[in-house]
Amino acid sequence: MSNVKVNLANTGISMESILEYKNEVKEIDRILRKNPDDPMNFLGWLQLPTNYDKKEFERIKKSAQKIKKDSEVFVCIGIGGSYLGARAVIEALTNTFYNYKKRENPQILYAGNSISPTYLNDLIDLIGDRDFSINVISKSGTTTEPAIAFRIFREILENKYGVQEARKRIYVTTDKARGALKQLADEEEYETFVIPDNVGGRYSVLTAVGLLPIAVAGIDIDKLMQGAKDAQDKYLDSNVKYNECYQYAVVRNILYKEQKNIEILANYEPKMHYFTEWWKQLYGESEGKMRKRNIPSRS
């Protein structure tokens, strides 16, 4: 994380102006960290690098190894935060042409993020006769786009391998106790992972939502979590003078009050394309639901 810097020099806002928010930032930080386990707050992501299910983490690594051995293709079925975080990490940390070159790990493909029949047919054609597994990611299991894709690929798996073998190639990431997908997963005895109650979908990349496909892509998720832990330690400081994240947040707030409410993330690195798409969703959905704050756009 030492290579990530925030440069506020051209914002027109001085450090003195930022420090005027020192006490307000401390209070917000206190409120944020007061009760992150409360599922109503959806703040569990603040503790994910340290407070996560270690046994499930090992199951994720074990499942990833199995998928690498028996599958040439791994299809992630999800929409929004259920796939954007994982795709952002995979594309940022692998070769630009990962999905096109000869590789040791499965090709990672994505479905359930639209209702386009053309996209699904092209995807099925791309998989062809190759061995594949799927990971359906949905809290409820009733979101239209991934539900349609899951039905289609489940049927393909069952026709290709038979019902029993197909069950071994279907991985479900969903609610720990309820929902249509959880019920189906229990009935069919699919390998199942949990979306924590206190973590919103767009913040879930460090849960099984993102970790399983990331691990299948050959990325070391132990190192990924350690990097996240390093960042967590670095940004625990509630003093805005020393915390670049809070400086950035304060500057955004000041600019918003000045009616400068369109924020552009310019990206010149193709490998980071889906990082910007993820960023748009994080900001747009989080702040857009309140019908206020900045409008995210990419360039």
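All residue numbers in this chain count up from 1 along the given sequence.
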To which residues is Tyr100 joined in a hydrophobic cluster, defined by side-chain heavy-atom contacts under 4.5 Å among Ile, Leu, Val, Met, Phe, Trp and Tyr, whether direct or through other members?
-> Phe97
Hydrophobic clustering (ILVMFWY, side-chain heavy atoms < 4.5 Å, transitive) - are [Y] and [X] grouped together?
X: Leu236; Y: Tyr246; answer: no
X: Tyr203; Y: Leu224; answer: yes
X: Phe42; Y: Leu206; answer: no

Check [X] against [Y] and note the closest heavy-atom contact, atom names and distance.
X: Ile90; Y: Pro213; answer: CD1-O, 3.6 Å
X: Val75; Y: Ala111; answer: CG1-CB, 4.0 Å
X: Phe74; Y: Ile134; answer: CE1-C, 4.0 Å
X: Ile148; Y: Ile115; answer: CD1-CG2, 4.2 Å
X: Lys26; Y: Ser238; answer: NZ-OG, 3.4 Å
X: Leu48; Y: Thr207; answer: CD1-CG2, 3.7 Å

Any [X] side-chain heavy atom under 4.5 Å of [Y] side chain:
X: Gln232; Y: Thr50; answer: yes
X: Val205; Y: Val89; answer: yes
X: Arg87; Y: Glu277; answer: no
X: Pro146; Y: Ile137; answer: no

Quick one: do Arg167 and Glu188 satisfy salt bridge (Lys or Arg N to Asp or Glu O under 4.0 Å)? Show the steps, please.
-> CA-CA 7 Å; Arg167 285 174 177 156; Glu188 298 292 331; 2.8 Å; yes
How far does CG of Leu181 sit from CG of Asp175, to the nearest 0.5 angstrom?
-> 9.5 Å
Apply the side chain to side chain contact (heavy atoms under 4.5 Å, CB included) test between Ser63 and each candidate in Leu212, Val216, Asn135; give the one that qualifies.
->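 It is Leu212, the one option of Leu212, Val216, Asn135 that forms the side chain to side chain contact (heavy atoms under 4.5 Å, CB included) with Ser63.
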Does Tyr274 have its ring centroid less than 6.0 Å away from the ring centroid of Trp278?
->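 Centroid distance Tyr274-Trp278: not below 6.0 Å, so no.
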Is [X] salt-bridged to [Y], going by a charged N under 4.0 Å from an acidic O?
X: Glu191; Y: Arg59; result: yes
X: Asp230; Y: Lys234; result: no
X: Arg154; Y: Glu158; result: yes

For the pair Trp279 and Tyr283, evaluate ring pair (Phe, Tyr, Trp, His ring centres under 6.0 Å) and give the outcome as yes or no after the intermediate values.
-> CA-CA 6 Å; Trp279 174 84; Tyr283 279 69; 5.2 Å; yes
Could you walk me through whether Phe132 and Glu72 pass the side-chain contact (heavy atoms from CB on, under 4.5 Å) check?
-> CA-CA 6 Å; Phe132 74 101; Glu72 296 174 81; over 6 Å; no
Has [X] got more than 12 heavy atoms of other residues, nucleotides or ligands less than 6.0 Å from its [atom1]?
X: Tyr242; atom1: OH; answer: no
X: Glu165; atom1: CD; answer: yes
X: Lys54; atom1: NZ; answer: yes

Okay, side chain of [X], backbone of [Y]: is any donor-acceptor separation there less than 3.5 Å?
X: Ser71; Y: Lys68; answer: no
X: Arg103; Y: Lys101; answer: yes
X: Thr174; Y: Ser138; answer: yes
X: Asn267; Y: Met272; answer: yes
X: Lys160; Y: Asp129; answer: yes
X: Glu258; Y: Lys260; answer: no
X: Lys139; Y: Ile195; answer: yes
X: Asn121; Y: Pro117; answer: yes

Between [X] and [Y], does any side-chain donor sit less than 3.5 Å from a side-chain acceptor?
X: Arg169; Y: Tyr190; result: no
X: Arg130; Y: Gln107; result: yes
X: Ser140; Y: Thr142; result: yes
X: Gln247; Y: Asn243; result: no
X: Asn113; Y: Tyr119; result: no
X: Gln183; Y: Glu187; result: yes

Give every residue pair that meets the ring-ring contact (aromatic ring centres under 6.0 Å, His included) criterion with at least one member in residues 146-173, sequence neighbours excluded.
-> none
For Glu244 and Lys5, what are the C-alpha separation, side-chain angles and deciding distance, and is it a salt bridge (Lys or Arg N to Asp or Glu O under 4.0 Å)?
-> CA-CA 8 Å; Glu244 290 180 317; Lys5 301 294 182 182; 5.5 Å; no
Between Phe57 and Lys55, is there a cation-pi geometry (under 6.0 Å to ring centre, at most 45° from the normal)?
-> no
I would like to know whether Tyr21 and Asn253 meet side-chain contact (heavy atoms from CB on, under 4.5 Å); could you show each step before the answer?
-> CA-CA 10 Å; Tyr21 288 79; Asn253 190 57; 3.8 Å; yes
